[in-house]
Amino acid sequence: MPNQNLSKRFQSGYLRDLLALTAGGLFTLAFSPFDHAALAPLALILLFAGWRYATPLRGLWRGYLFGLGSFGTGVSWVYVSIHDYGHASALAAGTLTALFCAFWSLFPALAGWLAVLCRANRSLLGLPLIWVLVEYFRGVLLLNGFPWLLGAYSQLHTPLAGYIPLVGAYGTGLLLALSATLVVAMLHQPEQRRWQGGGLIMIWLVGGVLQTVTWTQSIGKPLSVALIQGNIPQDQKWLPENQLKTMTMYKDLTARHWGTDIIVWPESAIPAYLSEVEGFYLFPLQTEAGQHHSDLIVSLPVEGDNAHEMYNSVLTLGRHRGIFSKNHLLPFGEYMPWQPVSGYILNKLDIRLGNFTPGGNAQPLLKAGGYPFITSICYEDAFGDANIVGLPEAAYLVNVTNDGWFGNSIEPHQHLQIAQMRAIETGRFMLRATNTGVTAVIAPDGSLSAKAEPFTTTVLTSNITPMGGMTPYARIGDWPVVLGLLIGFLVWLVYWRVVFKPIESR
């Protein structure tokens with residue numbers, strides 16, 4: 001009989017391990033382009049239930065399996081950039097992709113270990129607090145942050161989206177995790193289902209009501225916009241023989257839309273340094289833009305005063321001339337952390353990556369269409385705090401990016417979803433111009449006002465309204481929210497050790 005019980009426990013343990021791995025895969029399906037938002041809370045329910053009666057090591061293992069399931073399916077597109085465009089061998093690209101996914105899987109593993117160790121795995125508040133604090137550590141603090149697959153991004157079209165203008169991605173992620181925790185508690189504590197179910201209903205009901213609140217308002221007449229999607233294959237983009245052809249194409253597409261208030265080109269649309277094209281190419285564009293009362297936003301690399309400096313920049317031409325250089329760089333893509341080890345390894349694998357210089361925090365806002373705007377270049381739109389700097393002066397957001405690095409994978413769709421979050425947080429339109437897709441105009445509520453078909457050479461035209469005012473999140477950003485979560489966790493931890501644990505042990 002004891003052996004039979006042990007066998008059942010063994011099988012049950014491995015079944016929960018398998019459920020954790022499966023839950024990770026389901027979690028990815030909650031995000032774009034799949035958009036099955038209900039799978040995010042379901043995945044967390046399966047994971048949190050697997051942690052409820054686990055040991056610390058088992059909690060760590062199940063968290064790691066969840067990470068392998070989610071990152072292994074959700075960010076495996078990194079293989080495309082390493083192999084197809086980084087020119088690494090299939091073996092090297094596969095190995096680096098596996099290591100990449102395995103590394104980020106350590107964070108849900110850390111959350112599981114901490115949850116069981118602190119006995120938060122049976123707590124309504126402790127577990128969601130640990131989950132979101134670990135998400136923040138991964139998304140912002142480590143290696144310049146990797147805020148991909150944050151639970152809140154999957155909820156842009158559910159009642160939880162009502163909380164986004166108040167508390168941003170991490171505060172909304174807490175409510176998602178709390179919802180999953182309440183469901184798990186209801187399954188294990190039937191005598192308390194009434195108030196736990198009431199709390200769950202209240203979270204989602206209040207979120208739905210908040211979705212009806214308008215936090216910002218129009219401050220001017222609509223502006224006409226044209227977003228140019230060049231659709232230059234990444235492996236052709238920087239070939240010298242294609243340089244003039246590419247610049248001619250962008251110039252011709254722009255000429256058809258002179259008179260539009262704002263025209264935007266994608267990231268590094270000009271495959272040359274500023275010093276190489278300023279005289280014969282940019283100056284005529286500046287003149288034409290001014291003559292037609294248009295403002296043109298272009299992107300290109302800029303050499304610094306120092307021979308070792310290179311910036312990924314956006315330049316405005318026309319009525320308002322200005323320049324902005326990317327500040328939040330992508331680790332291993334635009335700068336090399338953990339030197340000299342990372343550089344040595346990549347050199348051995350014959351992988352060459354960019355080495356840019358950050359533009360700095362004190363850059364003034366660019367201006368187009370008569371209004372200042374917040375600029376983000378590619379990966380920068382993944383950081384909420386970086387996209388509220390300049391509010392309330394900024395009337396809209398502009399993101400230029402080049403997701404051509406990831407081919408026809410799910411990454412461009414995930415990236416668009418992240419940009420939609422920034423529009424909701426700030427209560428402003430976002431103009432998102434990309435090389436291969438997904439080019440879009442995003443409304444302040446996160447919906448798509450206009451969207452171009454990926455992998456086509458096209459110009460997306462639409463209108464936006466300059467917006468004023470501030471959402472609560474735009475006033476406070478992430479730090480106060482996360483600090484509140486940290487204080488809440490410490491208070492909970494003290495209560496458990498000083499008050500609850502002595503009572504439980506009597």
Side-chain angles (χ1 to χ4, degrees), residues 220 223-230 232 237-238 242-305 309-327 356 359-360 363-378 390 393-402 431-435 439 457-464 466:
L223 301 171
S224 58
V225 300
L227 313 182
I228 299 182
Q229 182 174 286
I232 309 296
K237 186 176 178 68
W238 293 97
N242 290 337
Q243 184 183 65
L244 187 59
K245 178 182 176 182
T246 296
M247 293 194 295
T248 300
M249 179 201 68
Y250 276 107
K251 186 175 181 179
D252 290 345
L253 290 173
T254 299
R256 300 173 193 173
H257 294 275
W258 285 131
T260 302
D261 292 316
I262 304 168
I263 304 171
V264 190
W265 295 6
E267 180 187 12
S268 61
I270 302 172
Y273 289 105
L274 174 63
S275 59
E276 297 175 321
V277 297
E278 187 164 20
F280 82 95
Y281 187 69
L282 293 180
F283 183 76
L285 284 172
Q286 163 80 30
T287 302
E288 288 187 83
Q291 290 173 344
H292 291 90
H293 306 288
S294 296
D295 286 306
L296 176 61
I297 302 172
V298 303
S299 179
L300 74 172
V302 176
E303 294 169 307
D305 296 331
E309 291 179 347
M310 181 172 67
Y311 299 93
N312 187 354
S313 301
V314 163
L315 184 67
T316 52
L317 304 172
R319 293 168 290 180
H320 310 284
R321 178 78 181 248
I323 190 167
F324 172 89
S325 296
K326 187 174 184 180
N327 188 46
F356 288 93
Q363 301 181 78
L365 294 176
L366 298 180
K367 194 173 183 181
Y371 296 91
F373 62 89
I374 292 172
T375 308
S376 60
I377 301 176
C378 194
E393 290 79 13
Y396 58 96
L397 313 177
V398 172
N399 174 251
V400 298
T401 191
N402 177 24
L431 306 180
R432 187 169 191 268
T434 73
N435 174 28
T439 297
T457 301
T458 187
V459 180
L460 180 68
T461 59
S462 186
N463 292 285
I464 66 168

Item to check | Check: P466 and L223 side chains under 4.5 Å, non-hydrogen atoms | outcome: yes
Next on the checklist: Looking at E267 and K237, is any side-chain nitrogen of the basic one under 4.0 Å from a carboxylate oxygen of the acidic one?
Outcome noted: no
Item to check | Stepwise side chain to side chain contact (heavy atoms under 4.5 Å, CB included) test for V400 and V314 | outcome: CA-CA 8 Å; V400 298; V314 163; 3.6 Å; yes
Item to check | T254 and W265 side chains, donor-acceptor separation under 3.5 Å | outcome: yes
Item to check | Distance, nearest 0.5 Å, that separates CE of M247 from CG of L282 | outcome: 8.5 Å
Checklist entry - Where is the tightest heavy-atom contact between A272 and W238, given as atom of each residue plus distance? => result N-CZ3, 3.7 Å
Item to check | Between OG on residue S224 and CD1 on residue I262, distance to nearest 0.5 Å | outcome: 7.5 Å
Item to check | Minimum heavy-atom distance between A226 and T461, given as atom pair plus value | outcome: CB-CG2, 4.3 Å
Checklist outcome for this item: What one should report as the nearest heavy-atom pair of G304 and Y311 is CA-CE1, 3.8 Å
Item to check | Distance (rounded to the nearest 0.5 Å) between Q286 CD and L296 CG | outcome: 9.0 Å
Item to check | Pairwise distance CD(Q363) to CD1(I323) - rounded to 0.5 angstrom | outcome: 8.5 Å
Checklist entry - Within the distance-only criterion (no hydrogens, no angle test), does the side chain of N399 pair as donor or acceptor with the backbone N or O of R432 below 3.5 angstrom? => result no
Item to check | Chi angles and distances behind the side chain to side chain contact (heavy atoms under 4.5 Å, CB included) call for L365, I374 | outcome: CA-CA 6 Å; L365 294 176; I374 292 172; 4.1 Å; yes
Item to check | Trace of the side chain to side chain contact (heavy atoms under 4.5 Å, CB included) decision for V459 with R256 | outcome: CA-CA 10 Å; V459 180; R256 300 173 193 173; over 6 Å; no
Next on the checklist: Between L431 and L227, is there a side-chain heavy-atom distance shorter than 4.5 Å?
Outcome noted: yes
Checklist entry - How long is the span from the CD atom in Q243 to the OG1 atom in T248, to the nearest 0.5 Å? => result 10.0 Å
Checklist entry - Any side-chain heavy-atom pair from F324 and F373 closer than 4.5 angstrom? => result no
Checklist entry - Hey, does K251 have a side-chain heavy atom less than 4.5 Å from the side chain of Y281? => result yes
Checklist outcome for this item: Looking only at heavy atoms, the pair that brings K326 and C378 closest together is NZ-CB, 3.8 Å
Item to check | Side-chain touch Y250/P266, heavy atoms, less than 4.5 angstrom | outcome: yes
Item to check | Pairwise distance OG1(T260) to NE2(H292) - rounded to 0.5 angstrom | outcome: 10.5 Å
Item to check | Least distance between heavy atoms, D295 atom then G370 atom | outcome: OD2-N, 4.2 Å
Checklist entry - For residues T439 and T434, is any side-chain donor paired with an opposing acceptor at under 3.5 Å? => result yes
Next on the checklist: Tell me if a side-chain donor or acceptor on D261 pairs with a main-chain N or O of V225 at a distance below 3.5 Å.
Outcome noted: no
Checklist entry - Any side-chain heavy-atom pair from I297 and L366 closer than 4.5 angstrom? => result no
Next on the checklist: Go through it in stages, so that I can follow the logic: the residues are V264 and S299, the test is side chain to side chain contact (heavy atoms under 4.5 Å, CB included), and I'd like the CA-CA distance, side-chain angles, deciding distance and then a yes or no.
Outcome noted: CA-CA 9 Å; V264 190; S299 179; over 6 Å; no
Item to check | Considering all heavy atoms, the nearest W258-A289 contact | outcome: CZ3-CA, 3.4 Å
